[in-house]
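Everything below concerns the one structure shown next.
Chain A is the first sequence line, chain B the second, and so forth, proteins listed ahead of strands; every chain is numbered from 1.
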There are 2 protein chains.
Amino acid sequence: MAGRSSPPILTDCFSCQARQRTEWCVLNEDDLKRINDAKKSRQCLPGEVLYHQGDACRGIVCIESGMIGIRKIDADGNSVLLGLAYPGDTLGYRALLMAQDHEVSAEVLKKGSVCLIGEATVRSLLDHNPSLGHRFLWRAVKDLGEAENKFLESVTLTVRARFAHLLLILKDRYATDVEDGAISLELPLSRQDLAAMIGIRPETMSRTIRQFEDDGIAHFSGRTVHVPRIASLLDEFEHEDYL
Amino acid sequence: MAGRSSPPILTDCFSCQARQRTEWCVLNEDDLKRINDAKKSRQCLPGEVLYHQGDACRGIVCIESGMIGIRKIDADGNSVLLGLAYPGDTLGYRALLMAQDHEVSAEVLKKGSVCLIGEATVRSLLDHNPSLGHRFLWRAVKDLGEAENKFLESVTLTVRARFAHLLLILKDRYATDVEDGAISLELPLSRQDLAAMIGIRPETMSRTIRQFEDDGIAHFSGRTVHVPRIASLLDEFEHEDYL
DNA sequence: CGCCAGGTTGATTTCGCTCAAGCAATGTGG
DNA sequence: CCACATTGCTTGAGCGAAATCAACCTGGCG
């Protein structure tokens with residue numbers, strides 16, 4: 001499914017809606033022009049892989065629209081979704097900075113468009129614009145904190161608790177409808193991808209969803225979830241065992 | 001055990017052995033003088049806590065000698081050792097950059113000396129010396145990669161495999177004696193801290209060590225370990241199930 | 001229509017946690 | 001100096017959560 005190359009499109013950094021949210025918002029007119037000239041935009045479709053784990057890093061990817069999944073696969077073929085990336089996020093900066101191959105894959109989950117910016121351009125901008133480096137530093141530090149939390153959770157919390165937490169996180173972005181304590185959300189992910197996000201097997205995901213149904217914590221129908229009481233998710237998440 | 005404040009000592013950044021390995025190696029004479037004047041050095045003893053999870057961040061800590069453990073504790077009291085820090089490592093930069101409280105504790109594991117550098121000094125140096133920011137960026141990106149690997153391992157590998165990997169990592173620093181495939185190492189950690197590093201219970205650590213003994217993979221006596229064949233550790237680590 | 005990927009469900013197993021006891025080394029106060 | 005806590009480590013018994021193996025059931029899609 002991957003690899004069918006999509007048509008290039010015309011996008012303009014100056015009018016890019018996502019730019020405000022990116023690390024690039026600190027660029028001045030000149031720098032913005034440089035990046036605008038150097039970048040290549042293109043559409044991308046679900047299933048497409050922007051870069052594979054192990055690929056040489058040729059530059060970075062800036063998401064204008066759509067959704068990208070960051071996936072990591074170990075030697076035994078276990079696949080884990082390390083995170084989701086949205087418009088304004090910049091991908092691949094880590095491999096670029098470490099000057100090594102990509103350690104993760106970036107896979108399109110929802111159709112959208114991305115811009116590719118070559119290694120040389122990025123390096124030159126970084127060298128000559130300190131505040132750009134600061135933004136990336138800030139970003140890396142934030143990601144680092146989240147990664148450490150995930151490790152902590154994976155070794156201390158049960159699957160139920162981790163799934164509850166995942167739903168709480170997805171809520172912030174996907175809650176379509178909120179009324180005093182009750183929410184409903186449209187998940188952007190398949191069941192297997194949900195499973196991959198908390199590092200469990202698809203079967204276990206199914207069963208955990210079943211449990212939440214039976215316990216009245218949430219109702220699942222396709223990719224839409226209805227949670228009558230957000231508080232119950234919080235209970236599951238933090239109140240591991242309330243005795 | 002914590003909190004008995006140790007005597008300040010005199011240390012000079014210019015002659016600091018650890019500096020070559022730090023982010024600060026990019027400082028010029030002037031900056032080095034500023035940091036040298038602003039810093040406060042002191043000895044620290046095992047058990048002492050340099051800063052607690054939840055403390056406000058007042059600056060950063062630079063390790064001149066000794067060993068520091070980075071610990072994170074969740075709401076239920078589960079303690080995990082996220083990493084070890086050595087001479088040349090700089091701690092607390094994350095809380096400082098994010099301008100928030102420390103998310104982890106830094107606990108002295110081996111006697112040594114550290115330098116404390118105030119928030120204002122660090123910020124001013126960062127603002128006015130771009131390459132310092134680049135060094136920290138590089139460092140954060142490296143830590144991020146490691147953190148993600150730990151998450152991946154925790155959800156895919158067995159305890160045996162994770163422990164084998166931990167030994168392989170400790171080997172690089174603590175292998176006291178190597179002869180064609182056989183090594184012996186002096187662990188810097190108690191059993192419970194070893195357990196905390198891979199997110200398991202002390203009892204499980206005991207049993208895993210027992211297994212390694214029984215399988216002839218390693219021999220443990222106190223804190224010294226003898227591994228007749230390093231290859232067997234590698235097998236445990238990557239060859240999860242070879243059938 | 002057959003095929004296949006995604007999802008659910010059931011039966012079974014296994015790995016690691018919990019609870020509990022015991023033990024050696026160390027410390028501590030009378 | 002001994003009686004005693006205390007702390008770190010080990011071991012056992014039992015349990016429970018999640019993985020594994022396997023069947024089956026959809027809903028697209030050629």
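Summarising the geometry, the separation between CZ on Arg201(B) and C1' on dC15(D) is reported as 15 Å, rounded to the nearest angstrom. In this structure, Gln211(B) atom CD and dT14(C) atom P are separated by 14 Å, rounded to whole Å. Across the protein-nucleic acid pair, Asp76(B) atom CG and dC17(C) atom P stand 15 Å apart, rounded to whole Å. Atom CZ in Phe220(A) sits roughly 17 Å away from atom C1' in dT9(C) (whole-Å rounding). Here dC9(D) presents its C1' atom at 12 Å from CG of Leu194(B), a figure rounded to the nearest Å. Ile200(B) has its CD1 atom 13 Å from the P atom of dC9(D), to the nearest Å. Between Leu189(A) atom CG and dG7(C) atom P there is a gap of 11 Å when expressed in whole angstrom units. With rounding to whole Å, Leu157(B) atom CG is found 13 Å from dA19(D) atom P.
Note that Arg173(B) lies in the cation-pi zone of Tyr86(B), set by a 6.0 Å cut-off to the ring centre and a 45° limit from the axis.
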Check against salt bridge (charged side-chain N to carboxylate O under 4.0 Å, His left out), Glu148(B) and Arg94(A): CA-CA 12 Å; Glu148(B) 288 184 344; Arg94(A) 290 166 40 191; 2.9 Å; yes
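Taking the side chain as every heavy atom from C-beta outward, Ile209(A) and Val225(A) never approach each other to under 4.5 Å. Using a 4.5 Å cut-off on side-chain heavy atoms (C-beta onward), Leu234(A) and Leu168(A) make contact.
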Every protein N/O within reach of nucleotides 23-30 of chain D N/O, cut-off under 3.5 Å:
none

Please write out the pairs of protein N or O atoms and N or O atoms of nucleotides 3-6 of chain C separated by less than 3.5 Å, giving the distance to one decimal.
from, atom 1, to, atom 2, distance (Å)
dG6(C), OP1, Gln192(A), NE2, 3.2

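Relative orientation of the Phe212(B) and Phe163(B) rings is tilted, given thresholds of 30° and 60° on the angle between their planes. Between His165(B) and Phe237(B), the ring planes lie parallel to each other; the angle is under 30°, not in the 30° to 60° tilted range.
Side-chain atoms of Arg162(B) come within 3.5 Å of backbone atoms of Ile198(B) as a donor-acceptor pair (strictly under, hydrogens ignored). Side-chain atoms of Asp74(B) come within 3.5 Å of backbone atoms of Asp76(B) as a donor-acceptor pair (strictly under, hydrogens ignored). Not one N or O on the side chain of Asp143(B) forms a donor-acceptor pair closer than 3.5 Å with the backbone of Ala140(B).
Contacts with DNA chain C (heavy atom under 4.0 Å) in residues 202-210 of chain A: Glu203(A), Ser206(A), Arg207(A), Arg210(A), listed by number.
Under the 3.5 Å distance criterion, with hydrogens and angles disregarded, a donor-acceptor pair is assigned to the side chains of Lys72(B) and Asn149(A).
Of the listed residues (Val108(A), Leu50(A), Leu91(A), Asp89(A)), just one forms a side-chain contact (heavy atoms from CB on, under 4.5 Å) with Val114(A), and that residue is Leu50(A).
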